[in-house]
2 protein chains.
Amino acid sequence: MLSGVTVGLRERKKQATRAALHESALRLVAERGLDRVSVDDIAADAEVSPRTFFNYFPSKDDAVIGLDPEHPLRLAEALSARPATETPVQALRAAQVAEAARMAAESQLWPLRLQVVDAHPALAARLTASFAQSEQLLAEWLADRTGTRAELDVQPSLLAAVQGSVMRSALHRWRAGGYTASLPALVAEGWDQVEAGFPAPRR
Amino acid sequence: MLSGVTVGLRERKKQATRAALHESALRLVAERGLDRVSVDDIAADAEVSPRTFFNYFPSKDDAVIGLDPEHPLRLAEALSARPATETPVQALRAAQVAEAARMAAESQLWPLRLQVVDAHPALAARLTASFAQSEQLLAEWLADRTGTRAELDVQPSLLAAVQGSVMRSALHRWRAGGYTASLPALVAEGWDQVEAGFPAPRR
DNA sequence: GCGCATGTTTGCAGTGAGTGCAGTTTTCCT
DNA sequence: AGGAAAACTGCACTCACTGCAAACATGCGC
């Protein structure tokens, strides 16, 4: 019933292969640059055939980013669990701080990911796109929660987009500060700004 | 000196070819879908050789999106022209409302663009990426203006990202409403939310 | 343990994006 | 008019990605 439990050898092998492909892709691209690494290189490094690569990732870029495909669903679950008395901003903030803590735990992968994303605009686009996919879902959840229409009212689509902005900005500053700061704290700092309406800083 | 004036036949032809390629790409993809249109098709439709296509756009996707490459510079200029007494949010809002008016004037192209972008996630990524490129510049301008550090302080990077969110959300709602609303008004409505810190709507 | 159903891996052959280069044509300027 | 500079084009090449069908591994009932 629960998704986390390991079911059998087959499933475990698939997870391992997926992780191996992602880590090979990430490491090789970090070392040599995106256009000096072919899919064949990645497949060879992960010890599968080139054809198998495409059973796991639809494109080279996706393998390099390698995000958990179930992430949007977890976000949706986390939000549904928030008490109904919270405002949308409070619920998003709480869910995202929790998410940030989970991401910070993967402390090996994120610095590499952010490094390669920073070096290759095409990868930045892919990463942003995966955030954007969650945002679509998020907008509908927000519309549902506030009794507005996702397509026509301002708040659902804008707040969903802003939520992505908070995370991207936090990741950006996390990297810029050499990963010394706490990612959840950076996320919280972002939401402080949002809730305060971006006050002009005193000079 | 000024960039707007047409300099000669050569420059005018280049602009025309670029526009023709973009419009062919956009129209064909809207009609048939992204993967049923080849670069050769687009080049043939615009009456240039396939090889010439790549002198104008680095990829098929870029041709379909076809954004003005000088846009980030114009945004920077517009912002520098704002009075220094304005808060960052006020300046961004004013610049973006003006930008929205300019975009709404291109009323033939945007509905098609938004249609194809909506139908093809890969194109959405490219469009978002071009917004993100402006955001990089914007973050530095904001840091400069408020005397903060673009890399480490919250406001520059977050506000730059939020600015993009406001525009994307406005475009989304513009399309959802069948282009009956005024784009500048939708943008302004977004900024109202941002300035108010996303108040919980009354049920 | 045995064998069948099902899912996974792989090779092969093909399409089409994108690039470097070298030769030709067009525009510009004097 | 005539030469310099820029744009256009064809050719040959690499590599991402896909469909198909054959080999292979795993799970499961017996």
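Comparing B:K60 and A:V48 by the nucleotide of DNA chain C that holds the closest heavy atom to each, the one mapping nearer the 5' end is A:V48. The 5' end of DNA chain D is approached more closely, in terms of each residue's nearest nucleotide, by A:F53 than by the other of A:K13 and A:F53.
Between A:E23 and A:R27 there is no salt bridge, since no side-chain nitrogen of the basic residue lies less than 4.0 Å from a carboxylate oxygen of the acidic one. The existence of a salt bridge linking A:R173 and B:D153 is excluded, since no basic side-chain nitrogen approaches an acidic carboxylate oxygen closer than 4.0 Å. Salt bridge annotation for B:R93-B:E195: present, with a cationic side-chain nitrogen under 4.0 angstrom from a carboxylate oxygen.
Checking B:Q163 against B:E135 by side-chain atom types alone, no donor-acceptor pair falls below 3.5 Å. There is a side-chain donor-acceptor pair under 3.5 Å between B:W191 and B:Q96. Of the N and O atoms on the side chains of A:H71 and A:R102, not one donor lies less than 3.5 Å from an acceptor on the other residue.
The distance from atom CG of A:D62 to atom C1' of D:dA16 is 13 Å, rounded to the nearest whole Å. Distance, B:E11 CD to D:dA7 P: 8 Å, rounded to whole Å. Rounded to whole angstrom, the span from the CG atom of A:L34 across to the C1' atom of D:dC15 amounts to 12 Å. Computed from coordinates, the B:R18 CZ to D:dC8 C1' distance equals 17 Å when rounded to whole Å. For the pair A:N55 CG and D:dC24 C1', the computed distance is 14 Å after rounding to whole Å.
Dashed line: the shortest gap from a side-chain N or O of B:T52 to OP1 or OP2 of D:dC8 is not under 4.0 Å. Close to D:dA7, at under 4.0 Å from its OP1 or OP2, lies no side-chain N or O of B:Y56.
Here the nucleotide nearest the side chain of A:S59, chosen from D:dC8, D:dA7, D:dC17, is D:dC17.
Classification of the B:W174-B:Y179 ring pair by plane angle, with boundaries at 30° and 60°, yields perpendicular.
Note: B:Q136 CD to A:H172 NE2 = 5.5 Å, rounded to the nearest 0.5 Å.
Between B:V117 and the options B:L112, B:I65, B:V64, B:T128, a side chain to side chain contact (heavy atoms under 4.5 Å, CB included) holds for only B:I65.
You can see that DNA chain C meets the heavy atoms of chain B within a 4.0 Å-exclusive cut from C:dA17 to C:dC28, reading 5' to 3'.
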What N/O pairs connect the protein and nucleotides 20-23 of chain D at under 3.5 Å? Give each pair on its own line.
none

